[in-house]
Amino acid sequence: MKLWSQYFIPTLKESPADAEIASHKLLVRAGLVRKLGGGLYTYLPFGLRVMQKLTQICREEMERAGAIELWMPHVHPVELWEQGPRWAAAREIMFRADSAGDGKRAPRDPEFVLGPTHEEVITPLVKTEITSYRDLPKNFFQIATKFRNEIRPRYGLMRAREFVMMDAYSFDVNDDAAVKSYFAMKSAYEAFFKRIGVTAIAVEADTGVMGGSFSHEFMVPAEIGDDDVIYNEASGYAANREKATSALVPADLKDAEPAGAIEEFATPGVVTIAALEAAPYSVPADRQFKTLVFIGDGKPFLVVLRGCDELEEAKLGALGFTLFRPATAEEIEPIMGAKPGSLGAVKGTIKDAGALAGIFADHAIRLIGNGTTGANKDGFHLRNVNVARDLAVTKFGDFRRVRAGEPDVKSGEPLQLRRGIEVGHIFKLGTKYSEKFGAVYTDDQKQTHPMVMGCFGIGVSRTMQAVIEQSHDNDGIVWPWNAAPFHVLICVLDPQLPEAMELARKLGAAAEKAGADVLIDDRVERPGVKFKDADLIGIPLRLTVGGKGLKEGVIELKWRAQKDVAKIPVAEAEAKVAAAVTDAAAKAGA
RNA sequence: CGGGGUGUAGCUUAGCCUGGUAGAGCGCCUGCUUUGGGAGCAGGAGGUCGAGAGUUCGAAUCUCUCCGCCCCGACCA
């Protein structure tokens, strides 16, 4: 039982100027966090309590799924990362942690970095400690701070430079066992989000810099989310837009016959899809080939799409380059023979075709059949370009960004799109890290194999904000029971009356006995202030004890999520409050 | 990294265009009144106007540089 007057909940009447979205404003207004700098936040006592609720539930669900808690350093020797498979790709978002020195000498090369995740730490640990199939499977997790120097921190805790994450790492003897571990964790995630009262949907996702074979993201639907989810309710298909595919190109599509010989035509000044769509050329975007030049691990390659399609850059990850980026105009001309805007992938027109690491075409260009593309000669395009006959395609693949309305692969029904906040991500990693770090085991046939890994993350601090984003109204936060910093708030309107405070303590004790965390608002403030603050901080169950009510012999009971107020005779109050607490906890699955 | 915006008291901000040395609301302190949905009155404390340089008799205001914060974009030819 805590007394508000002895505690610390600095609420604000007005929203901070630097907060844009509801959950960010409420985090600050309700006294959960304060900003130190961009993407850096202090968790005030009230916010910390929520974090502790979330981490404890998370811990319980992880342990129920068989994972074992440990704690790893946040400061990592840089050698570990240099040895790992993703240093080149990850270092840009990593903080270095060298000695500040004496201020007189130039800084040395970094010897330490701050951990953005812990594959590079856990894998070497497991390598040295586990060598037999008898000791597998194992799944280790921690709930700790992560450091990522985000290019652009946003929306309070939503994308922070320092944040709290549950990260787990599974080690199995083979692929089948790893898949089992993966789905055990998927179930644990679902249980966790359900318990804390958050709607989070598992969607298929891209593996990104983490690598690995397949993965799911857990998304909280919200307008302000960072990610687009493509889904179809009926078929159950759901995927991050980066990963999503559609049945736009029919499986039985036949390649179009050539429509005639290729013709070159002059297009002075035309360097965009839109310009070629306009008169006098009037080539619709879905009849144009768009040719993009990228540099992958130092070598150029081409991507060919329909003019009307967008490249989904994440899908280029399937090509196997460690690092890739768009080529600059200066790089493009010597390779292609023309400036951007007049590029094409027609056989024989590329100036230095031998320099290319490949020409990768999106399946959807087959829908064009015969179309128009750049001639690799400034100011000229080619028409009657036939996909099968004329394009020097190394490999077809799925590189375009799916749009809402396209047919679902599973059902053929139109796909829909909505925004989401990514609160968790699970990966089946495979042997990428175990091979690199030599995490192998010996089987019962005396054979050694690399362990098959999975890795799993929940952004706990981000989840706290997602809860608020999903559960608030105009007056403030509406905490789900299990995420709430306190379950019961007792507003004592006349704290100077000894009998009022005495009753409040009795009710508090009864609620605590029923399993609730209780906060008593004993501040010497006007009732209006207390009610406004009560709504703002969003404690699920509010009891009001006041001199007026005491004269009538009643207290009031009100749920934050509901409008109506129940008056309860003082004589029955303790029992009723205890019953309400028990009931709410049961409903919430506490 | 590029673009846009912004920086004035603990918080929210006016003033800046058109230079004359800073004002309000909230919060805080004192007193009186009030007491069931962010009270009223009276008095008070609190500001190197983000930092530095420049122009000027004089700069919160104009110019330049730097820094912080917020938003958009991340390159689609």
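In what follows, chains are A, B, ... by sequence order, proteins preceding strands, each numbered from 1.
- Atom-to-atom, CD of A:Q288 to P of B:rC76 comes out at 16 Å; the value is rounded to the nearest Å.
- Straight-line distance between the P atoms of B:rG50 and B:rA60: roughly 10 Å, to the nearest whole Å.
- Contact check, A:R34 against B:rG10: no side-chain N or O comes under 4.0 Å of OP1 or OP2.
- With A:D309 as the partner, the side chain to side chain donor-acceptor pair (under 3.5 Å) test is satisfied by one option alone out of A:K290, A:R400, A:R401: A:R400.
- Here A:I332 lies in heavy-atom contact (under 4.0 Å) with a base.
- The aromatic rings of A:H24 and A:Y41 lie perpendicular to each other, with more than 60° between the two planes, well past the 30° mark.
- B:rU55 sits 27 Å from B:rA14 when the C1' atoms are compared, rounded to a whole Å.
- Checking B:rA24 for Watson-Crick or G-U wobble geometry (two distances, each under 3.5 Å) identifies B:rU12 as its partner.
- Note on A:K13: a side-chain N or O is less than 4.0 Å away from OP1 or OP2 of B:rG27.
- The CG-P distance, from A:L536 to B:rC11, rounds to 18 Å in whole Å.
- At the heavy-atom level, A:D533 lies under 4.0 Å from base atoms of the strands shown.
- Among the heavy atoms of the strands lying under 4.0 Å from A:K35 are primed sugar atoms or P, OP1, OP2 only; no base atom is included.
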Check: Does the pair A:I490 and A:V492 meet the rule for a side-chain contact (heavy atoms from CB on, under 4.5 Å), with working shown?
Finding: CA-CA 6 Å; A:I490 305 178; A:V492 183; 4.2 Å; yes
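- For A:K290 and B:rA77, the shortest distance from a side-chain N or O to OP1 or OP2 is below 4.0 Å.
- For A:R49 and A:F486, the positive end sits near the middle of the six-membered ring, less than 6.0 Å away and at most 45° from its axis.
- Note on A:S15: only backbone sugar-phosphate atoms sit closer than 4.0 angstrom, heavy atoms only; bases stay farther off.
- Residue-to-nucleotide proximity on RNA chain B shows that, of A:A17 and A:L343, the 5′-proximal contact is made by A:A17.
- Considering only side-chain N and O atoms, A:Y155 lies under 4.0 angstrom from the phosphate OP1 or OP2 of B:rC72.
- A straight line from CZ of A:F531 to P of B:rG37 spans 7 Å, rounded to a whole angstrom.
- Across the P atoms, B:rG15 and B:rU8 are found 14 Å apart, a figure rounded to whole Å.
- As rounded to whole Å, 9 Å separates atom C1' of B:rC76 from atom CD1 of A:I273.
- One P atom belongs to B:rC62, the other to B:rG44, and the distance between them is 33 Å to the nearest Å.
- As the counterpart of B:rC1, B:rG73 is assigned, both hydrogen-bonding distances of the Watson-Crick or G-U wobble pattern falling under 3.5 Å.
- Regarding A:D18, its CG atom lies at a distance of 15 Å from the C1' atom of B:rG50, rounded to whole Å.
- Pairing partner, B:rU30: B:rA42, with both Watson-Crick or wobble hydrogen-bond distances short of 3.5 Å.
- A:R400 comes within contact range of no nucleotide atom at all, as no heavy-atom separation falls under 4.0 Å.
- A salt bridge links A:K35 with A:D18: at least one charged nitrogen is closer than 4.0 Å to a carboxylate oxygen.
- Rounded to whole Å, the C1' atom of B:rC49 lies 36 Å from the corresponding atom of B:rC32.
- At the heavy-atom level, A:G546 lies under 4.0 Å from base atoms of the strands shown.
- Side chain A:E525 to base B:rG38: no donor-acceptor pair is found below 3.5 Å.
- Nucleotide B:rC64 forms a Watson-Crick or G-U wobble pair with B:rG52, both donor-acceptor distances falling under 3.5 Å.
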Note to self: Please determine whether ring pair (Phe, Tyr, Trp, His ring centres under 6.0 Å) holds for the pair A:F265 and A:F380, giving the CA-CA distance in whole Å, both sets of side-chain angles, and the decisive distance to 0.1 Å.
What the structure shows: CA-CA 6 Å; A:F265 61 106; A:F380 291 90; 8.8 Å; no
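- If you check every strand for non-hydrogen atoms under 4.0 Å, A:R159 touches nothing.
- Atom CG in A:L550 sits roughly 14 Å away from atom P in B:rG36 (whole-Å rounding).
- Both A:G341 and A:P153 sit near RNA chain B, but only A:P153 has its closest nucleotide nearer the 5' end.
- At most 12 non-hydrogen atoms from other residues, nucleotides or ligands lie less than 6.0 angstrom from NZ of A:K339.
- The A:V529 side chain lies nearest to B:rA39 when the options are B:rA74, B:rA39, B:rG37.
- In this structure, A:R325 reaches neither bases nor backbone, as no heavy-atom distance under 4.0 Å exists between it and the strands shown.
- Candidate nucleotides B:rU34, B:rG36, B:rC69 were compared by shortest atom distance to the side chain of A:R526, and B:rU34 ranks first.
- Within the 4.0 angstrom heavy-atom criterion, no nucleotide atom of any strand lies near A:V303.
- More than 12 heavy-atom neighbours from other residues, nucleotides or ligands sit within 6.0 angstrom of CD on A:E264.
- Atom CG in A:L40 sits about 12 Å away from atom P in B:rG68, given to the nearest Å.
- B:rG52 and B:rA59 have their C1' atoms separated by 14 Å, given to the nearest Å.
- At the heavy-atom level, A:A327 lies under 4.0 Å from base atoms of the strands shown.
- Of the candidate nucleotides B:rC72, B:rU12, B:rG38, B:rU12 has the atom lying nearest to any side-chain atom of A:E14.
- The residue A:G374 sits apart from the nucleic acid: no heavy atom pair falls under 4.0 Å.
- Residue A:D535 is classed as a base contact, given a heavy-atom separation below 4.0 Å to a base.
- Phosphate proximity of B:rC72 to A:R152: present, with a side-chain N or O under 4.0 Å from OP1 or OP2.
- When rounded to the nearest whole Å, the span between CD1 of A:I151 and P of B:rG73 equals 13 Å.
- B:rG23 and B:rC16 are spaced 15 Å apart, taking the P atom of each and rounding to whole Å.
- No hydrogens or angles considered: a donor-acceptor pair under 3.5 Å links the side chains of A:H425 and A:S215.
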